Amino acid sequence: MSTTVATPASVERGESPARRAVRRFLRHRIAVFGLAVIVVFVAVALLAPWIAPYDPVQTSWTAIRKAPSAAHWFGTDENGRDVLSRVIWGARASLMAGVVSVLVAVAIGVPIGLIAGFAGGWTDAVLSRIADAMLSVPFLILAIALAAFLGPALENAMIAIAITFSPVFVRLARGMALDAKSTDWVEAARALGNPPWRIAVRHVLPNIIPPLLVQGTLAIAEAIIAEAALSFLGLGQQPPAPSWGSMLNSAQRFLENAPWLAIFPGAAIFLVVLSFNLVGDGLRDALDPRADRR
Amino acid sequence: MWAWLLKRLGQILPTLLVLSFLIFGLQQLMPGDPALILAGEERGDPQVLAQIRAELWLDRPLWEQYLHWLGNVLTGDFGFSWRIRMPVAELILQKLPVTAQLAIMAFLIGTLIGVPMGILSAVRRDRLADWLANAVALFGISTPNFWFGIMLILLVSVQLGWLPPSGYVPLTEDFWQSIATTIMPAFVLGTNVAGVLMRHTRAAMLTALSQDYIRTARAKGLTERVVVWKHALRNALIPVVTLGTIELGRLLAGAVLTEQIFTIPGFGKLVVDAVFNRDYPVVQGVVLTTALIFVLLSLVADLLYMAINPRLRQA
């Protein structure tokens, strides 16, 4: 008689956690759809110079506020610029701002959080209070204030968003470090004489990656909205360079006779943000070891 | 409970102290010399500049400037607006009721849509209603408020002509007109809150419904309605109430762009105008006030959590 212990299917198959996560993610059809949309937008942003039908900053006095047509699929704006081309080029500013600002926020927040969690005591108290203080200022207000004090430019908007987001990652990394500190394997690693930084890099960091991926993806969605909001206010991408946020701002004045100016850039923001949220949700389900349902 | 409250206050006070450093620090990031901005036409006169610097304590060491500023803030003196020539505290008090009205309306809309939707989708898990509710929530979370606002104006005001596209009438002046001018922005903000609350209500309900006491209740032969409404919901609502309080705090501070689009003269409009006028004391004042509101409301959220969760009350 053989004694069988119930093991998850993935363990029986000898599957690595990463592969299992990929398999689970791919089963999530709507998240895969989100990923596909993101891939399309990234491709559009990278290939902008080749696929944009017109020069995005070329004004034309003969084509002012023309409705969508065969020549201009998304119509033209108040300066006769092609809206489709501007939406295509705008993808660059939006995606770059979203991804870069979150990467910077992670690069600032994760080491600080690990230090706070591992050091404990006063270091932790001080770092945690700084994170709390920053989190108590509403996200957009802090970003606006920082961008205002730094001066209007896309780079400054990105810095402002990155700084505003970093405490989220401080908290995440600190929590993971505290969790890890109490586990037996970290205790064992420490008993073997490993220095704290080595434990942090070798044992804690790999465990942070799954929640970091989820949080990071959802943060990109928020960062893209934040960049659009700052650009809408004139604190991000500066004209005439195209950005979805600033396009929406000027569109507001022509709502009655040129609604397409507002519809297309907004729809682009919506689609990208929705897709990042879908992927983030899908990743959460795929990476959560407890969620082995269905 | 008192020990817990003391511990919580012990966390809040240092947070506020750090916050004061950060907000004071913002001033140091400021491009240009404030004395030059304030002097205006007389910027060439060294005497005027020296006088302004002395008035604003700009000629003192940094730590003295900070203590002076902190002392003022603690006594309710948030400085003087450079543009509007009014105390910042007075300006903020003027705008607060407008934003509060908008936030409360948005909160009501968000709760009335989000919570029932969350309950429904948990009870009908993996069915059509769940799927629809999830789609609505995702839409609420993913649509940028400012775009949704513009689209609503396009549909409701420009195409249908039902509501005024912008402007604001105070509640005290004309109740219905006031509602008419704020219902669209409140709805825009509310959909976002609804999305967040729906997801949390759903998660909390699913957790509650999988508990042992629910199985016991069902085994006792109680009807599904009693199980859902009396047993599961009452427990599921505990985290939702706390979260709702935080959302209200976010609303009180976070209507920046929505106010901008519907030209509602609240907090958001105040801070954006201040940014463009380089009216830094006002920017500082708004950051400080919104942060205070947020800290206060998260404390309220904790207290509510204690009040409605009997397990914590006894501890």
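Order of the sequence lines sets the chain letters (A, B, ...), proteins ahead of strands, with each chain counted from 1. Being a predicted model, the structure only gives us computed values, none of them experimental. Heavy-atom basis, side chains included; hydrogens, waters and symmetry copies ignored.
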Using non-hydrogen atoms and a 4.5 Å limit, figure out which bit of B:Ile12 sits close to chain A: side chain, backbone, both or neither. neither
Where on B:Gln159 is there a heavy atom nearer than 4.5 Å to chain A: the side chain, the backbone, both, or neither? neither
Which region of A:Ala251, side chain (C-beta onward) or backbone (N, CA, C, O), has a non-hydrogen atom less than 4.5 Å from a non-hydrogen atom of chain B, or is it both or neither? neither
Tell me, for A:Asn249 versus chain B, whether the close heavy atoms (under 4.5 Å) come from the side chain, the backbone, both or neither. neither
Between B:Asp130 and B:Arg202, is there a salt bridge with N-O shorter than 4.0 Å? yes
In terms of heavy-atom proximity below 4.5 Å to chain A, should B:Ile150 be classed as side chain, backbone, both, or neither? both
With a 4.5 angstrom heavy-atom cut-off, which part of B:Phe148 approaches chain A: side chain, backbone, both or neither? neither
A:Ala221 portion near chain B, given a 4.5 angstrom heavy-atom threshold: neither
Salt bridge present between A:Asp281 and B:Arg199 (N-O < 4.0 angstrom): yes
For chain A, the option from B:Ser157, B:Pro144, B:Ser298 that forms the most heavy-atom pairs under 4.5 Å: B:Pro144
Please look at A:Phe232 and chain B and tell me whether the side chain, the backbone, both or neither of the residue comes under 4.5 angstrom of a heavy atom of that chain. side chain
Report the option among A:Leu146, A:Leu233, A:Ile269, A:Val126 that has the most heavy-atom pairs separated by less than 4.5 Å from atoms of chain B. A:Leu233
Geometric class of the B:Phe24/B:Tyr66 ring pair [parallel <30°, tilted 30-60°, perpendicular >60°]: perpendicular
One option among A:Asp132, A:Ile263, A:Ile130 has the most heavy-atom pairs under 4.5 Å with chain B, and it is A:Ile263
Residue from A:Ala145, A:Ala229, A:Ala125 scoring the most non-hydrogen pairs under 4.5 Å with chain B is A:Ala229
Is it the backbone or the side chain of B:Val287 that comes under 4.5 Å from a heavy atom of chain A, or both, or neither? both
Smallest separation among heavy atoms of A:Ser101 and A:Ala223, with atom names: OG-CB, 3.7 Å
So how far is it from A:Thr217 OG1 to A:Leu283 CG, rounded to the nearest 0.5 Å? 5.0 Å
Tell me yes or no: between the side chains of A:Ser231 and A:Glu227, is some donor less than 3.5 Å from an acceptor? yes
Could you measure the distance from the CD1 atom of A:Ile163 to the CE atom of A:Met158? Nearest 0.5 Å is fine. 12.5 Å
CD1 (B:Ile264) and CE (B:Met184) are apart, to the nearest 0.5 Å, by 9.0 Å
Looking only at heavy atoms, which two atoms of B:Ile141 and B:Asn192 are closest? And how far apart? O-ND2, 4.5 Å
For the residue pair A:Arg174 / A:Ser128, report whether a side-chain donor-acceptor contact shorter than 3.5 Å exists. yes
Who among B:Ile153, B:Ile23, B:Leu138 has the most heavy-atom pairs with chain A under 4.5 Å? B:Leu138
Region of A:Leu271 in contact with chain B, defined by heavy-atom distances below 4.5 Å: neither
With only heavy atoms counted, which part of A:Ala147 is less than 4.5 Å from chain B, the side chain, the backbone, both or neither? neither
Counting only heavy atoms from other residues, nucleotides and ligands, does the tally under 6.0 Å from CZ of B:Phe187 exceed 12? no
Among B:Val272, B:Val271, B:Ile261, which has the most heavy-atom pairs under 4.5 Å with chain A? B:Ile261
Under 4.5 Å from any heavy atom of chain B, what part of A:Glu256 do you find: side chain, backbone, both or neither? both
